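Computed from a prediction, not measured in an experiment: that's the story for all the values here. So that the names make sense, note that chain A is the first sequence line, chain B the second, and so on, each numbered from 1.
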There are 2 protein chains.
Amino acid sequence: MTQNAGKDSGAQTGEAMDLGAMTGSLGFLLRLSQLKSFDTFFHEMKGLEIRPGEISVLMLLDRNPGIRQGVLARALMIKRAHMTKMVHAMEGAGLVCRTVPDADRRSVQLWLTDAGRARLETVQGPFLAFENRNTSGLSDADEAMLKTLLRRYLGLDRPNA
Amino acid sequence: MTQNAGKDSGAQTGEAMDLGAMTGSLGFLLRLSQLKSFDTFFHEMKGLEIRPGEISVLMLLDRNPGIRQGVLARALMIKRAHMTKMVHAMEGAGLVCRTVPDADRRSVQLWLTDAGRARLETVQGPFLAFENRNTSGLSDADEAMLKTLLRRYLGLDRPNA
DNA sequence: GTCATTTTGTTTACTTGGAAACAATATGCG
DNA sequence: CGCATATTGTTTCCAAGTAAACAAAATGAC
């Protein structure tokens, strides 16, 4: 529980930082990595006016037409309250449409509109290109291993819970 | 660019989700992993009234007494504007103290108070215990590899930029 | 020295996301 | 059936974080 230089009022003002136990914390490393990844995303996708959340909704709706709003929220690990706002915004932008199934009139099913599919077309190319540049010094093998380990951490390797 | 069941208005309402290309996206995997990690954090540290940001500030200040506010912000990859608020709150709580060095009267140096060190003592044990439980199905070897790869992604393995 | 530029922290307005309370519908149990 | 409970989406309010404009001090050019 003690410090760095030990000097009196010394205190380094330079850039050198001792991260201490933080470099061994998985949560800390994940947070920093995610921030770095998002920084890269915004830098590379600048000009497309797209956000990570919107891209993932477009891609998931393309693959899972008619999915219920709450299921989508769980898949993206965001709260239903927030998903409501995102979906309403995207509906307002004409990208998705919402239908209430007769089988369960509480729920809402989501579908991409033609404009939504067009938007996905526009955005998916740059996004996949970005993904390739997002490795930041990792070798191809490292990157593959990192993704495998993250999927394992998330329980995405054993298909369904 | 096409869908899942292909059926007419079919649309699965169950839980099965096709994540499609998202499972190959490093950014997406990092985001989900970080959310899962934070969920675990809040679950395990419940009752201690502590947040990930506060813990990292406490730990970094313990290791780097007198560090400047902006340097700390860069290390945690948050904006200076937000660090100002965090630090003011922690100063209000008596955990840190701020001094303006004569060498550069624009800047602010940060130090843990005795109360701050005591708070760190209280919180560090449970935090390290949480870290051990945060592996969620990963073997020890997997976890070590994952951390190594994340450090490499962040450029934390080659000591300084 | 003097003045333009940069750096550092702060403030204000805004966005993103969550917590809690709620309405509507579905489900389970007698 | 009739009623308690759970689920789904929504709304309102609040916390976390950013962007942009700013003030004060430092730095560099001359």
Side-chain angles (χ1 to χ4, degrees), chain A residues 11-15 27 31-32 34-39 41-43 46 49-57 66-93 96-110, chain B residues 11-15 31-32 34-43 46 49-57 66-93 96-110:
Chain A
Q12 76 290 9
T13 36
E15 288 298 308
R31 170 153 177 81
L32 257 45
Q34 200 242 320
L35 290 175
K36 170 167 177 159
S37 174
F38 270 35
D39 275 357
F41 178 92
F42 285 117
H43 185 261
K46 185 172 43 187
E49 294 293 331
I50 188 80
R51 325 189 119 270
E54 191 181 328
I55 269 204
S56 53
V57 168
I67 196 175
R68 280 183 295 112
Q69 208 171 281
V71 175
L72 182 58
R74 254 197 308 277
L76 296 178
M77 295 185 71
I78 65 177
K79 295 295 174 270
R80 284 172 308 159
H82 183 46
M83 183 56 80
T84 295
K85 300 171 199 172
M86 274 189 65
V87 165
H88 281 199
M90 291 178 74
E91 186 185 33
V96 306
C97 95
R98 301 157 19 96
T99 63
V100 174
D102 282 341
D104 184 348
R105 304 195 45 76
R106 295 169 304 180
S107 67
V108 174
Q109 288 187 296
L110 300 177
Chain B
Q12 76 292 7
T13 36
E15 288 296 311
R31 169 152 177 83
L32 289 188
Q34 200 242 319
L35 289 175
K36 170 166 178 161
S37 174
F38 269 35
D39 275 358
T40 310
F41 178 93
F42 285 118
H43 184 262
K46 185 173 45 189
E49 295 292 332
I50 187 81
R51 324 190 123 269
E54 190 181 327
I55 270 203
S56 52
V57 168
I67 197 175
R68 280 181 296 115
Q69 208 170 281
V71 175
L72 182 58
R74 253 195 309 277
L76 296 177
M77 295 184 71
I78 65 178
K79 297 292 175 276
R80 284 172 308 160
H82 183 46
M83 183 57 78
T84 294
K85 299 174 198 170
M86 276 190 62
V87 164
H88 280 199
M90 292 179 73
E91 185 184 34
V96 306
C97 95
R98 303 159 14 98
T99 63
V100 173
D102 282 340
D104 184 347
R105 302 195 47 75
R106 295 169 304 180
S107 68
V108 174
Q109 289 187 294
L110 300 176

What is the distance, rounded to the nearest whole Å, between atom [atom1] of [X] and atom [atom2] of [N]?
X       : N       : atom1 : atom2 : result
L35(A)  : dA16(D) : CG    : P     : 16 Å
R74(A)  : dT8(D)  : CZ    : P     : 6 Å
K85(B)  : dA13(C) : NZ    : C1'   : 10 Å
D104(A) : dT8(D)  : CG    : P     : 7 Å
R80(A)  : dA23(C) : CZ    : C1'   : 13 Å
R106(A) : dT10(D) : CZ    : P     : 13 Å
K79(A)  : dT16(C) : NZ    : P     : 18 Å
F38(A)  : dA19(D) : CZ    : P     : 13 Å

For this session: Examine dT16(C): is either OP1 or OP2 under 4.0 Å from a nitrogen or oxygen in the side chain of H82(A)? Give yes or no.
Result: no
For this session: Check whether any side-chain N or O of R98(B) sits under 4.0 Å from OP1 or OP2 of dT8(C), and answer yes or no.
Result: no
Working to the nearest 0.5 Å, report the span between [atom1] of [X] and [atom2] of [Y].
X       : Y       : atom1 : atom2 : value
L110(B) : R68(B)  : CG    : CZ    : 10.5 Å
L35(A)  : Q34(B)  : CG    : CD    : 7.0 Å
I78(A)  : R31(B)  : CD1   : CZ    : 7.5 Å
R98(B)  : S107(B) : CZ    : OG    : 10.5 Å
M86(B)  : L76(B)  : CE    : CG    : 7.0 Å

For this session: Indicate yes or no: at least one non-hydrogen side-chain atom of M90(B) is less than 4.5 angstrom from one of E54(B).
Result: yes
Exercise. Of A81(A) and H88(B), whose nearest nucleotide on DNA chain C comes first from the 5' end?
Worked result: H88(B)
Exercise. Relative to each other, are the rings of F38(A) and F42(A) parallel, tilted or perpendicular (30° and 60° limits)?
Worked result: perpendicular
Problem set entry | Whichever of I78(B) and A103(B) has its nearest DNA chain D nucleotide further upstream toward 5' | I78(B)
For this session: Can you pull out how bent the helix from dG1(C)-dC30(D) to dG30(C)-dC1(D) is, comparing the axes over its first five and last five pairs, to 10°?
Result: 30°
For this session: Would you mind classifying the nucleic acid contact of R105(A) as base, sugar-phosphate or nothing, using non-hydrogen atoms under 4.0 angstrom?
Result: sugar-phosphate
